[in-house]
Protein chains: 2
Amino acid sequence: MISSLELARRCGVSQGTVDRALHDRTGINPRTRNRILRLARQQGYRPHPAARELITGQSQIVGAVVPTVNNIFFMDLFHELGSRLAERKLRLQVSPVRDPADFLAVLEDFAARRVRLGLVVPPEDYIQIPGAITGCLPLISLISPCRGKGIHFISADEEKTGREAVRHLYNRGHRHILHLTYERRAYAIMARARGYKRQTRELGLNARITTTLHQKQLISLLKKERITAIFCHNDWLALTVLLSLSKSGIRVPEDVSVLGVDNSPTLMALHPGLTTMAYPVGAVGRAIADILDGGNGQAQEMEYQIMERATVRNL
Amino acid sequence: MISSLELARRCGVSQGTVDRALHDRTGINPRTRNRILRLARQQGYRPHPAARELITGQSQIVGAVVPTVNNIFFMDLFHELGSRLAERKLRLQVSPVRDPADFLAVLEDFAARRVRLGLVVPPEDYIQIPGAITGCLPLISLISPCRGKGIHFISADEEKTGREAVRHLYNRGHRHILHLTYERRAYAIMARARGYKRQTRELGLNARITTTLHQKQLISLLKKERITAIFCHNDWLALTVLLSLSKSGIRVPEDVSVLGVDNSPTLMALHPGLTTMAYPVGAVGRAIADILDGGNGQAQEMEYQIMERATVRNL
DNA sequence: TTGTAGGCGTTATCAC
DNA sequence: GTGATAACGCCTACAA
């Protein structure tokens with residue numbers, strides 16, 4: 001692969017002139033420029049990003065880190081964000097990680113590469129990120145927070161998500177609403193459950209939370225508590241519930257309504273009728289753009305939006 | 001962040017000596033080396049990969065490209081492969097792409113970055129990859145083939161996959177086996193369907209292929225053809241079928257057996273009982289390692305393996 | 001409008 | 001054992 005110097009030689013001009021042509025800067029004869037550009041294309045010239053990075057001290061890469069478990073939604077999300085970054089000529093590169101050690105190693109690597117921005121979904125809450133990393137790598141944490149200096153945390157108001165879910169189901173007549181979630185004490189899990197609890201209490205309902213996926217246990221719980229609606233922490237859980245319910249001959253939404261969260265395209269394709277709450281991708285994208293522009297990442301309307309479909313009905 | 005030159009100054013030695021210490025090469029006093037290493041850690045020295053790349057003309061990155069649609073299995077796969085590459089100090093970075101244009105743009109970028117190896121799952125079959133890319137970027141195509149010079153294609157024998165699926169179901173007593181697949185004329189889709197057809201014919205059975213996910217159509221087809229087993233092109237399709245069947249009150253595996261392909265961890269977690277055929281990740285990993293070592297990527301036992309679980313039964 | 005020179009942080013090759 | 005020096009490919013500033 002030829003270098004800009006070699007290209008200059010073949011064009012019979014200096015490296016500086018080639019540079020002017022490639023970045024169409026002023027101070028160059030249009031005809032020279034065209035000739036250089038044509039030859040560059042012809043010879044398959046490609047600038048070497050490493051050299052540019054060395055000069056500017058920054059790469060045009062935005063690094064993303066996602067946990068390997070249950071990453072469907074994250075992949076969908078990052079693809080969406082990647083399209084937006086492309087508009088700024090930034091390339092998104094995703095690294096899947098399985099644990100905090102792995103996570104920190106990847107961030108170390110990002111820091112070394114002078115990656116422009118790290119977009120991370122930490123595999124655990126409150127991982128401490130050392131100053132050696134935060135000092136030279138701007139970080140935005142999504143979904144779950146990290147501990148460390150200057151790390152932005154962009155999140156929807158998750159307590160509100162829980163509240164809205166309950167309100168939605170309440171407004172449709174449901175009075176016995178179950179919340180199905182995970183045992184893990186992660187930020188969003190806790191916050192949504194808190195919202196669920198407070199809202200049910202305010203409405204004078206019983207708060208009933210479970211983490212069981214065991215079919216028989218779940219079904220007996222539904223019967224015992226006369227549950228008519230299940231608010232699931234995410235679409236993936238909602239799907240396991242849908243599978244369990246139909247195996248047990250319980251009809252959705254005739255007998256029980258199901259509400260998920262995420263609006264994950266992949267899972268939606270699997271079961272298009274699932275009512276869910278859409279992650280505010282747009283607002284998050286704007287917040288990220290704002291931070292890239294030196295802002296503080298405040299964005300409006302960072303709220304999940306309910307997507308009404310066939311798994312929730314009026315009683 | 002300090003450079004190796006700056007580190008040398010602070011240690012009171014030359015840059016060359018620092019380099020010897022960092023790469024523990026011979027020709028350096030052990031005490032000097034220890035002093036340098038200690039100070040390097042203390043000062044948070046991190047070598048800049050861009051500079052190394054500039055010198056060596058190669059990066060330590062393996063780039064992966066996955067289509068954004070239905071990428072669950074690919075993400076699981078690449079995470080597995082990434083762990084193996086880590087043993088060789090290679091970092092795997094994944095770029096999701098949505099179409100051939102996007103695909104080629106990412107490969108262009110990989111070529112420019114002197115990425116060590118491109119591991120691609122093309123969004124379409126037989127995309128022509130220009131010589132300008134293949135000339136300087138070793139490529140391994142997975143799942144679907146590409147057109148271009150010197151591109152390795154690592155794939156299981158997909159016709160055999162179709163045959164094995166039929167044989168497995170036949171051995172368990174099934175005589176009316178449906179194949180559910182996609183309309184898209186992609187390599188693996190066609191090859192598995194071909195294997196399915198040939199094997200059913202050889203066994204004297206009717207070959208019946210459908211691409212419909214429409215619940216009613218599917219159910220009436222099952223009844224009309226007295227289907228007792230469904231061989232699905234992948235786990236994702238198998239799951240949609242499971243959902244449809246249980247909604248229709250058809251029991252699995254009592255009334256109908258279901259067989260998927262991929263053994264995708266994420267989907268398996270969603271429905272642990274699904275019988276499926278496991279992609280030969282190990283063999284593919286070895287083939288990739290072989291190519292990295294200059295081999296031709298031939299590997300033994302590149303076959304899917306049946307994972308028997310609760311959705312297939314003896315008749 | 002064009003050419004030249006210096007430097008980014010490494011690595012490799014000399015000489016001491 | 002150690003230190004100087006020249007690359008790698010690009011960008012910026014300044015000189016012509």
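Below, chain A is the first sequence line, B the second, and so on; all start at residue 1.
In this structure, the nucleotide among C:dT11, C:dT10, D:dG9 sitting nearest to the side chain of B:A51 is C:dT10. Of all nucleotides listed (C:dT10, D:dC10, D:dT12), D:dC10 comes nearest to the side chain of A:S3.
The residue B:E53 sits apart from the nucleic acid: no heavy atom pair falls under 4.0 Å. Among the atoms of the strands shown, base atoms are found under 4.0 Å from some heavy atom of A:I55. Contact annotation for A:N29: backbone-only contact, meaning every heavy-atom pair under 4.0 Å involves sugar-phosphate atoms and none involves a base.
We find that CD of A:Q60 is positioned 11 Å from P of D:dC11, with the value rounded to whole Å.
A close approach under 4.0 Å does not occur between any side-chain nitrogen or oxygen of B:T17 and OP1 or OP2 of D:dT2. When the side-chain nitrogen and oxygen atoms of A:S14 are compared with OP1 and OP2 of C:dT2, none of them lie within a distance under 4.0 Å. Side-chain N/O atoms of A:H48 include none lying less than 4.0 angstrom from OP1 or OP2 on D:dC8.
Residue order along DNA chain D, read from the 5' end via each residue's closest nucleotide, puts B:T32 first among B:T32 and A:P47. Each of B:Y45 and B:R20 lies near DNA chain C, and the nucleotide nearest B:Y45 is the one positioned closer to the 5' end. Residue-to-nucleotide proximity on DNA chain D shows that, of B:G12 and A:P49, the 5′-proximal contact is made by B:G12.
The base of C:dG9 lies outside donor-acceptor range of the side chain of B:R46, with no N or O pair under 3.5 Å. The base of C:dG9 lies outside donor-acceptor range of the side chain of A:R114, with no N or O pair under 3.5 Å.
With A:S83 contributing its side chain and A:H79 its backbone, the two residues share a donor-acceptor pair below 3.5 Å.
Taking the ring-ring contact (aromatic ring centres under 6.0 Å, His included) definition, one finds that B:Y187 meets it with B:F153, sequence neighbours left out.
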Check residues 57-65 of chain A and write down every donor-acceptor pair under 3.5 Å in which the side-chain atom is one partner and the other belongs to a residue at least two apart or another chain.
{"unit_1": "A:S59", "atom_1": "OG", "unit_2": "A:I61", "atom_2": "N", "d": "3.3"}
{"unit_1": "A:S59", "atom_1": "OG", "unit_2": "A:R114", "atom_2": "O", "d": "3.3"}

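More than 12 heavy atoms of other residues, nucleotides or ligands shown are found within 6.0 angstrom of CZ on B:R25.
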Practice problem: Show your reasoning for whether salt bridge (charged side-chain N to carboxylate O under 4.0 Å, His left out) applies to A:R113 and B:E53. | Solution: CA-CA 11 Å; A:R113 305 193 69 79; B:E53 283 162 27; 3.2 Å; yes
